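So the structure is just underneath, and the comments pick up after that.
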Amino acid sequence: MAGWEENVRKVTPYVPGEQPKKENIIKLNTNENPYGPSPRVQAALLNVEHLRKYPDPAASLLVDKIAAYHGVDSAQVFVGVGSDDVLAMSFLAFFNGNKEILFPDITYSFYDVWAELLRIPYRKVPLDSDFRLRKEDYFSTCGGIIFPNPNAPTGIPVEPDFIEDIVKRHPEIVVIIDEAYIDFGGKTVLPLVEAYENLLVVRTFSKSRSMAGLRIGYAIGSRKLIKYLNDVKYSFNSYTLNQPSILLGAASIEDEEYFRKTIAKIVQTREWFKEALEQFGFQVLPSVSNFLFVTHPNYPAEDIFEAAKKAGIYFRHFHNDRIEEYLRITIGTDVEMQAVVDFLKNYMK
Ligand SMILES: *Cc1c(COP(=O)(O)O)cnc(C)c1O
C-alpha cells in the first residue's frame, strides 16, 4: 500500500442489483415498477432552457406538494436525491452518539454501509425464526434505530402500535422508519410524527411512483428534525434536487388516480402470482410490498437464480447465510409474471 493510501477513507460499498444492458429481458431484481410514471410526468418534461439556472435549493414546489398531499406543514418535509440520499443525510445528522444504533440482521443492506462510512457504531438485531422483528429487541439503550416497514427483502410489515411502543421508550434517540414500500399495503406511521418529535418517516418515488430513474426521496418529521436535516444538507450540497426532479416529482403527486390504479394492479398481480408460486411448492413470506421473498424446499435458490437468468429473467439473490436459500422477486406486469410461471413449469418438469 502506498503511503498516501493510509489516509484514505476505506469503505466496502453497497452493491445495487444488476442493471443488465441486454434488451428483452424480464427484470424483476430491483423492485422497479413496471407501469412507468403518470402521463402527467411526461407532459411536464421541461424545456432545456430551464436548465440554465440553478434549481430552487429548497425545492419548494415539490416540498409544498408533498406536504399538502400528506396533510403536514412544508417545514416538516425534507427532500433528497432518492431516499438513499435522505437516509444517508439522516444517518449523518441523527446517529451522532457513541452508542450503537440498531437495525435488523436481515434488512436493507445499505444501512451497515452508511454506518461503516460514517463510523457509527451499530448492532444488527436478529429477526426471529419467521423473519419477524421483535419489538422488545429494540427497547434497550442505543444510539438510534432504523428499519423499513414493511421490511426488505422480506416484505413483512409491523403495525403502527409496534413502532409507537419503540418510539415511546426512546425519547433520547431518533427512530427512522423507512417506508419505501408502504404504498403497496402496509400501515404508515406518518400520523405519529405529530406526537413524537424524534420519529422520522422516509419515503421514495422510486417504487410506488415508478420514478427510480429520476431519484426523488423525502422524509417527514417534526419541524425540529427537518431543520436539523436541512442544516446538514446545506453544509454538504445546496442543490441536491435538480430542476427536472422538482417539476416531474410535483407532476406525479398531482395524478392520484394513476397512482392508485397502478398500485392496485401490482397488488392484484402479487396475489395471483403468490398463489401460483405456492402451487409449485414455494414457501412465500407474507409480503405487503411489490416483491415476494421465496424459498423452495427442493430447489436451491442459486440454481433457480442462474437458470432464470439464462432464460432472460432476473431475480435478486442475496449472499447472506440466513437467506442464502431465498430469492426476491419483484412484481412486474401480468405478462411478465406469467412468463415466470412458464419458466418454472419448464424448470421443474
Ligand atoms: C429502494 C429502497 C430504498 C432507496 O430508494 P431510492 O431509489 O434511493 O429512493 C431505500 N430503502 C429501501 C428499503 C429500499 O428498498
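Hydrogens, waters and symmetry mates play no part in the numbers below; they use all other heavy atoms, side chains included. Here, residue 1 is the first one in the sequence, and each next residue gets the next number. Counting starts at 1 for both ligands and their atoms, in listed order. Fair warning: this is a prediction, and the values are worked out from it, not measured in the lab.
- Residue contacts with ligand 1: Tyr108 is placed with no nitrogen or oxygen under 3.5 Å of a nitrogen or oxygen of the ligand (distance criterion only).
- With a 4.0 Å cut-off on non-hydrogen atoms, Phe110 does not touch ligand 1 at all.
- Scanning the protein for heavy atoms near atom 8 (O) of ligand 1, the closest one is Arg215 NH2, 2.7 Å.
- The nearest heavy-atom contact from the protein to atom 7 (O) of ligand 1 is Ser206 OG, 2.6 Å.
- Cluster annotation: Tyr314 and Ile331 are assigned to distinct hydrophobic clusters (Ile/Leu/Val/Met/Phe/Trp/Tyr, side-chain heavy-atom contacts under 4.5 Å, transitive).
- Every atom of ligand 1 is numbered from 1 in the order shown, and the set under 4.0 Å from a heavy atom of Gly82 is 8 (O), 9 (O).
- A heavy-atom distance below 4.5 Å is not found between the side chains of Leu248 and Ser252.
- For the pair Arg209 and Tyr69, the cation sits on the ring face: its NZ or CZ lies under 6.0 Å from the ring centre, inside 45° of the axis.
- In this structure, atom 2 (C) of ligand 1 lies nearest to the protein heavy atom Lys207 NZ, 2.4 Å.
- Across Asn290, Ile146, Thr204, heavy-atom proximity to atom 9 (O) of ligand 1 is greatest for Thr204.
- Residue Ser83 touches ligand 1 through backbone and side chain together, judged by heavy-atom distances below 4.0 Å.
- A donor-acceptor distance shorter than 3.5 angstrom exists from the side chain of Glu336 to the backbone of Thr333, with no hydrogens or angles considered.
- Using a 4.5 Å cut-off on side-chain heavy atoms (C-beta onward), Gln338 and Trp272 make contact.
- Ligand 1 has no atom lying under 4.0 Å from any heavy atom of Asn31.
- Thr330 is not listed as a side-chain neighbour of Thr30, based on a closest heavy-atom distance of 4.5 Å or more.
- The side chain of Asp178, and not its backbone, has at least one atom closer than 4.0 Å to an atom of ligand 1 (non-hydrogen atoms only; side chain from C-beta on).
- Taking distance alone, with nitrogen or oxygen atoms compared against 3.5 Å, Tyr181 approaches ligand 1 more closely than that limit.
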If you look only at distance, which donor and acceptor atoms sit under 3.5 Å apart when one is on a side chain in residues 184-194 and the other is two or more places apart or in another chain?
unit_1 : atom_1 : unit_2 : atom_2 : d
Lys187 : NZ     : Glu159 : OE1    : 2.6
Lys187 : NZ     : Glu159 : OE2    : 3.2
Thr188 : OG1    : Glu179 : OE1    : 2.7
Thr188 : OG1    : Glu179 : OE2    : 3.1
Thr188 : OG1    : Leu190 : N      : 3.0
Thr188 : OG1    : Arg203 : NH2    : 3.1
Glu194 : OE2    : Gln76  : NE2    : 3.3

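- Between the side chains of Gln283 and Glu325, not a single donor N or O lies within less than 3.5 Å of an accepting N or O.
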